[in-house]
Amino acid sequence: MVRLRPTARPPLAYLSPPSGARRRFPDMRPGLASLACLLSFVRLSDCAPPTCYSRARGLSTEIMSLLDKIHTYHRTKACADLLPAIFLDVHNSCVTSKLRDFLYVVLNHPNQSCRERPRMVLLKRKMQNLYTIINKICYRDLVFFTDDCEAIDTGHAVPHYAEDRLQLLQEDR
């Protein structure tokens, strides 16, 4: 006598409909995959547009890192010798005049080959964008906390104390 082994049921077979029955819900796997892709794209993208402040601040940090690269790269080091020192701070009211002066030097660099270097062209573009953002697009939207023009030249800001903080300092002495 031949014994037949019972066929093994696949896992979760109790969830599949009987062979003759019609499926009530279509297969949802493609829908879940597209939903997962959509959610990953939403997570990677910025949901809110940049404000004037965030764009000016981000552009100033980009310019400072680009200036650092220009001062250290061997091909642009000679070009950077003629550039004045600048430390951009969008909270300083002197930033507009210093940007204008620095942009004048970059645009009228005495060495033609320096003016055509890709990093110098990129610096010129970013400086013009920041100047336009601060003076035209975000006019009166930015709040300046200091007016220390020397801090933009040296990078060392003198602390500015408000009257109540100044009274506390005087009382401690």
Side-chain angles (χ1 to χ4, degrees), residues 32-170 172:
L32 289 175
S34 63
L35 181 65
C37 287
L38 178 69
L39 291 177
S40 66
F41 286 124
V42 168
R43 177 149 169 81
L44 293 175
S45 66
D46 291 331
C47 294
T51 61
C52 282
Y53 173 73
S54 64
R55 183 63 184 137
R57 186 148 181 195
L59 201 52
S60 67
T61 56
E62 288 176 23
I63 290 171
M64 291 304 296
S65 66
L66 182 60
L67 273 171
D68 187 42
K69 289 177 185 175
I70 288 173
H71 281 282
T72 57
Y73 188 57
H74 69 279
R75 290 188 179 180
T76 55
K77 196 181 283 190
C79 300
D81 291 339
L82 295 173
L83 297 177
I86 189 168
F87 298 93
L88 295 176
D89 180 17
V90 294
H91 303 110
N92 196 333
S93 64
C94 294
V95 73
T96 55
S97 61
K98 295 294 181 174
L99 264 175
R100 184 184 59 233
D101 296 344
F102 193 87
L103 193 55
Y104 179 81
V105 172
V106 171
L107 289 172
N108 299 311
H109 200 282
N111 191 345
Q112 180 68 25
S113 65
C114 286
R115 275 187 259 161
E116 295 171 356
R117 297 243 179 237
R119 288 188 180 177
M120 295 295 284
V121 171
L122 184 62
L123 176 68
K124 177 185 74 166
R125 253 190 237 134
K126 288 187 181 213
M127 294 287 279
Q128 286 174 332
N129 285 343
L130 182 61
Y131 186 75
T132 303
I133 286 171
I134 290 176
N135 278 337
K136 294 180 181 171
I137 298 171
C138 298
Y139 185 69
R140 294 188 181 174
D141 283 347
L142 295 176
V143 177
F144 300 117
F145 295 121
T146 63
D147 59 350
D148 186 12
C149 294
E150 189 176 323
I152 292 181
D153 292 332
T154 62
H156 302 292
V158 177
H160 177 71
Y161 296 115
E163 290 181 26
D164 56 344
R165 176 79 172 128
L166 189 58
Q167 283 179 341
L168 291 174
L169 288 175
Q170 288 174 352
D172 290 343

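When reading the values below, keep in mind they use all heavy atoms of this one structure, side chains included, and skip hydrogens, waters and symmetry mates.
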Exercise. State the NE2-NZ distance between His74 and Lys77, to the nearest 0.5 angstrom.
Key: 9.5 Å

Quiz item: Can you name the closest pair of heavy atoms from Met120 and Ile70 and give their distance?
Solution: SD-CD1, 3.9 Å

Quiz item: Which atom names give the shortest non-hydrogen contact between Arg117 and Ser113, and what distance separates them?
Solution: CG-O, 3.1 Å

Quiz item: When rounded to the nearest 0.5 angstrom, what distance separates OG in Ser54 from CG in Leu59?
Solution: 11.0 Å

Exercise. To the nearest 0.5 Å, tell me how far Tyr131 OH sits from Ser97 OG.
Key: 8.5 Å

Practice problem: Would you name the heavy atoms of Leu107 and Lys124 that are closest together and state the gap between them? | Solution: CD2-CD, 3.0 Å

Quiz item: Is it true that the side chains of Arg115 and Gln112 contain a donor and an acceptor less than 3.5 Å apart?
Solution: yes

Quiz item: For the atom pair CG (Asp81) and OG1 (Thr76), what is the distance rounded to the nearest 0.5 Å?
Solution: 10.0 Å

Practice problem: State the CD-OG1 distance between Gln128 and Thr132, to the nearest 0.5 angstrom. | Solution: 7.0 Å

Quiz item: Side-chain contact, heavy-atom cut-off 4.5 Å: Pro84 with Val105?
Solution: yes

Practice problem: Identify which one of Leu123, Leu130, Asn129 satisfies the side-chain contact (heavy atoms from CB on, under 4.5 Å) criterion when paired with Met127. | Solution: Leu123

Quiz item: Out of Ile86, Thr72, Leu88, which residue meets the side-chain contact (heavy atoms from CB on, under 4.5 Å) rule with Leu67?
Solution: Ile86

Practice problem: List the atom of Cys79, the atom of His109, and the distance in Å for their closest heavy-atom pair. | Solution: O-NE2, 3.1 Å

Exercise. For residues Tyr53 and Val90, report the shortest heavy-atom separation together with the two atoms involved.
Key: CE1-CG2, 4.1 Å

Exercise. Determine, step by step, whether Met64 and Asp68 satisfy the side-chain contact (heavy atoms from CB on, under 4.5 Å) criterion, reporting the C-alpha distance in whole Å, the side-chain angles of both residues, the deciding distance to 0.1 Å, and the verdict.
Key: CA-CA 6 Å; Met64 291 304 296; Asp68 187 42; over 6 Å; no

Quiz item: Which value, rounded to the nearest 0.5 Å, describes the distance between Lys126 atom NZ and Ile133 atom CD1?
Solution: 11.0 Å

